[in-house]
Participant: 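Got a structure here, written out as structure tokens. Questions coming.
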There are 2 protein chains.
Amino acid sequence: MGIKDDAVEVRAQGWRTLAALHGLIEAELERSLQGQAQLSVVEYTVLDALSRQDGWHMRMQQLARATALSASATTRLVNRLEDRGLLTRILCADDRRGIYTELTDSGNKLLAEARPVHDAALERTLAEAQQVPELAPLVDALPRLHAGV
Amino acid sequence: MGIKDDAVEVRAQGWRTLAALHGLIEAELERSLQGQAQLSVVEYTVLDALSRQDGWHMRMQQLARATALSASATTRLVNRLEDRGLLTRILCADDRRGIYTELTDSGNKLLAEARPVHDAALERTLAEAQQVPELAPLVDALPRLHAGV
DNA sequence: AACTAATTGTTGCACACGCAAATATAGCGC
DNA sequence: GCGCTATATTTGCGTGTGCAACAATTAGTT
């Protein structure tokens, strides 16, 4: 076992820890949001991403990147939210291939209801993960990433 | 904006970063493993988890936790791998509800082929993520979690 | 101006997933 | 031993996902 092999194993272990914590958080967010706001995690992510653009538009592709979803999944995700009246598609004049999406009042309202649910679930799950020895160091490292706001 | 609100926002941002990096890595691993070893990421995870048990068994439920999958998804995942001859189910004598799974020689062989592909893709993706300002701090923090092997 | 290449978003299709219900076994109280 | 509850795994069903093919628009080349 040389130094190089160790690095490989350290990376693999880091990835397993990352994946485990991700799975834990996502599952708990899914339960909470679905139960108390009729939103899946990706649906919440879309609404949140749009709202953080300060009332401005987002293209489908930006949305796809923000949600780590494929283009086709993004199309159908936006379809669902549009059917529920939470956002609207806006054809863009200067590039007629592009399509902007914007939150409706109804979307903003639902997001306002869902955000505390989301934040509480996140806090709860992180506290729970901190009790798991395998996950604790990553949980501790997380808030330090963006400590200055 | 008080101290408490800041903590909420810091947690949310940490979670977004975690999710973004997770999505990036998983997508790249999926492409590489699928293309060069006919394995999905979860399928690789199963084989890897089994091999790290040092040739010992694993129950379905342990597998479900290791993969962050539901029980039903785990059943079908094991079905697929069993159909391909990569692992075998072993009924356990002392608890006849439980079912152990064990790698076959064929499974060990495929894993040996897939592991370098996996490790290379992981290293490549982490290097790529380090170039993204938003992700870099998390990438840097990752190897420090298990620095002592 | 015409042709080709690149980009953006949508649809067809197969497949993996989660939830809830069903089945089988274990463990406990009496 | 009998009944009851808890645990382990599997099946039915509906739904969300990625990939590949497609349509529409833009940008680059000659």
Side-chain angles (χ1 to χ4, degrees), chain A residues 19 22-36 38-46 57-84 86-102, chain B residues 19 22-36 38-46 57-84 86-102:
Chain A
H22 178 273
L24 200 64
I25 295 175
E26 182 161 64
E28 182 56 31
L29 287 183
E30 190 74 39
R31 267 189 294 274
S32 296
L33 287 173
Q34 201 66 259
Q36 300 180 44
Q38 283 75 50
L39 283 175
S40 70
V41 175
V42 275
E43 287 167 351
Y44 177 88
T45 302
V46 166
H57 321 289
M58 258 183 111
R59 295 182 79 117
M60 297 295 288
Q61 221 169 17
Q62 298 178 266
L63 233 43
R65 285 203 318 118
T67 54
L69 245 49
S70 72
S72 65
T74 306
T75 291
R76 292 181 242 256
L77 175 53
V78 168
N79 282 345
R80 292 198 297 275
L81 295 173
E82 191 181 24
D83 289 346
R84 290 172 62 181
L86 301 175
L87 53 78
T88 51
R89 276 182 166 90
I90 299 181
L91 297 167
C92 184
D94 51 311
D95 183 349
R96 286 158 59 180
R97 294 170 302 184
I99 293 184
Y100 288 134
T101 50
E102 215 182 53
Chain B
H22 178 273
L24 201 64
I25 295 175
E26 183 161 65
E28 182 56 30
L29 288 182
E30 191 73 40
R31 266 189 295 273
S32 296
L33 287 172
Q34 200 67 259
Q36 299 179 45
Q38 283 76 49
L39 282 176
S40 69
V41 174
V42 274
E43 286 167 352
Y44 177 88
T45 303
V46 167
H57 322 289
M58 257 183 112
R59 296 181 78 117
M60 298 294 290
Q61 220 169 20
Q62 298 178 265
L63 234 42
R65 284 202 316 119
T67 54
L69 244 49
S70 70
S72 65
T74 305
T75 291
R76 293 175 173 118
L77 175 53
V78 168
N79 282 346
R80 292 197 298 275
L81 295 173
E82 191 180 24
D83 290 346
R84 290 172 63 180
L86 301 175
L87 55 77
T88 50
R89 276 184 167 87
I90 300 180
L91 297 168
C92 184
D94 51 311
D95 182 349
R96 286 157 61 181
R97 294 169 303 181
I99 292 185
Y100 288 134
T101 51
E102 214 181 53

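Order of the sequence lines fixes the chain letters, A, B, ..., with proteins taken first and strands second; residue numbering starts at 1 for each chain.
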Participant: Of all residues at least two apart in sequence or in a different chain, which pass the salt bridge (Lys or Arg N to Asp or Glu O under 4.0 Å) check with A/R65?
Facilitator: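 Scan of A/R65 (salt bridge (Lys or Arg N to Asp or Glu O under 4.0 Å), adjacent residues dropped) gives none.
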Participant: Over how many whole Å does the gap from B/M58 atom CE to D/dT9 atom C1' extend?
Facilitator: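 Value for this atom pair: 16 Å.
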Participant: B/E82 has an atom CD; how far is it from atom C1' of D/dT9, in whole Å?
Facilitator: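 In whole Å, D/dT9 C1' lies 13 Å from B/E82 CD.
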Participant: Any donor-acceptor pair under 3.5 Å linking the side chain of B/T101 with the backbone of B/R89?
Facilitator: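 No: the side chain of B/T101 does not pair with the backbone of B/R89.
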Participant: Whole angstroms only, please: what is the CD-C1' distance between B/Q38 and D/dC19?
Facilitator: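 To the nearest whole Å, that distance equals 16 Å.
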Participant: Starting from P on D/dT7, measure out to CG on B/D94 and report it in whole angstrom.
Facilitator: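 Checked: the CG to P distance equals 18 Å.
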Participant: Classify every nucleotide of nucleotides 9-18 of chain C by which part a protein heavy atom approaches to under 4.0 Å, writing B for the base, S for the sugar-phosphate alone and - for neither, in 5'-to-3' order.
Facilitator: SBBBB--SSB
Participant: What is the distance, rounded to the nearest whole Å, between atom CG of B/L91 and atom P of D/dT9?
Facilitator: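 Rounded to whole Å, this separation is 11 Å.
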Participant: Kindly say whether B/S40 contributes a backbone atom to a donor-acceptor pair with the side chain of B/E43 at under 3.5 angstrom?
Facilitator: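 Present.
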Participant: How long is the span from the OH atom in B/Y100 to the CD atom in B/Q62, to the nearest 0.5 Å?
Facilitator: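 So the gap between those two atoms works out to 7.5 Å.
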Participant: Using salt bridge (Lys or Arg N to Asp or Glu O under 4.0 Å) as the criterion, list what pairs up with B/E28, not counting sequence neighbours.
Facilitator: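 If we apply the salt bridge (Lys or Arg N to Asp or Glu O under 4.0 Å) test to B/E28, skipping adjacent residues, the hits are B/R31, B/R124.
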Participant: Can you list everything that forms a side chain to side chain donor-acceptor pair (under 3.5 Å) with A/S72? Sequence neighbours excluded, please.
Facilitator: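 If we apply the side chain to side chain donor-acceptor pair (under 3.5 Å) test to A/S72, skipping adjacent residues, the hits are A/S70.
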Participant: Please report the end-to-end axis angle for the helix from C/dA1-D/dT30 to C/dC30-D/dG1, five pairs per end, rounded to 10 degrees.
Facilitator: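 Both end axes considered, the difference amounts to 30°.
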Participant: In whole angstrom, give the distance that lies between atom CG of B/L33 and atom P of D/dC19.
Facilitator: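 The answer, rounded to whole Å, is 13 Å.
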Participant: So, A/T67 side chain and A/A64 main chain: donor-acceptor pair closer than 3.5 Å or not?
Facilitator: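 Pair found, side chain donor or acceptor close to backbone of A/A64.
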Participant: Taking salt bridge (Lys or Arg N to Asp or Glu O under 4.0 Å) as the definition, give me every residue that meets it alongside B/E30, ordered by chain and number, with sequence neighbours left out.
Facilitator: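 So B/E30 forms no salt bridge (Lys or Arg N to Asp or Glu O under 4.0 Å) with any residue.
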Participant: Provide, to the nearest angstrom, the distance between the CG atom belonging to A/L39 and the C1' atom belonging to D/dT15.
Facilitator: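 Going from A/L39 (CG) to D/dT15 (C1'), I get 16 Å.
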Participant: Could you check how far CZ of A/R96 sits from C1' of C/dA6, rounded to whole Å?
Facilitator: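 Going from A/R96 (CZ) to C/dA6 (C1'), I get 18 Å.
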Participant: For B/T74 versus B/M60, what's the shortest heavy-atom pair and its separation?
Facilitator: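 Minimum heavy-atom separation between B/T74 and B/M60: CG2-O, 3.7 Å.
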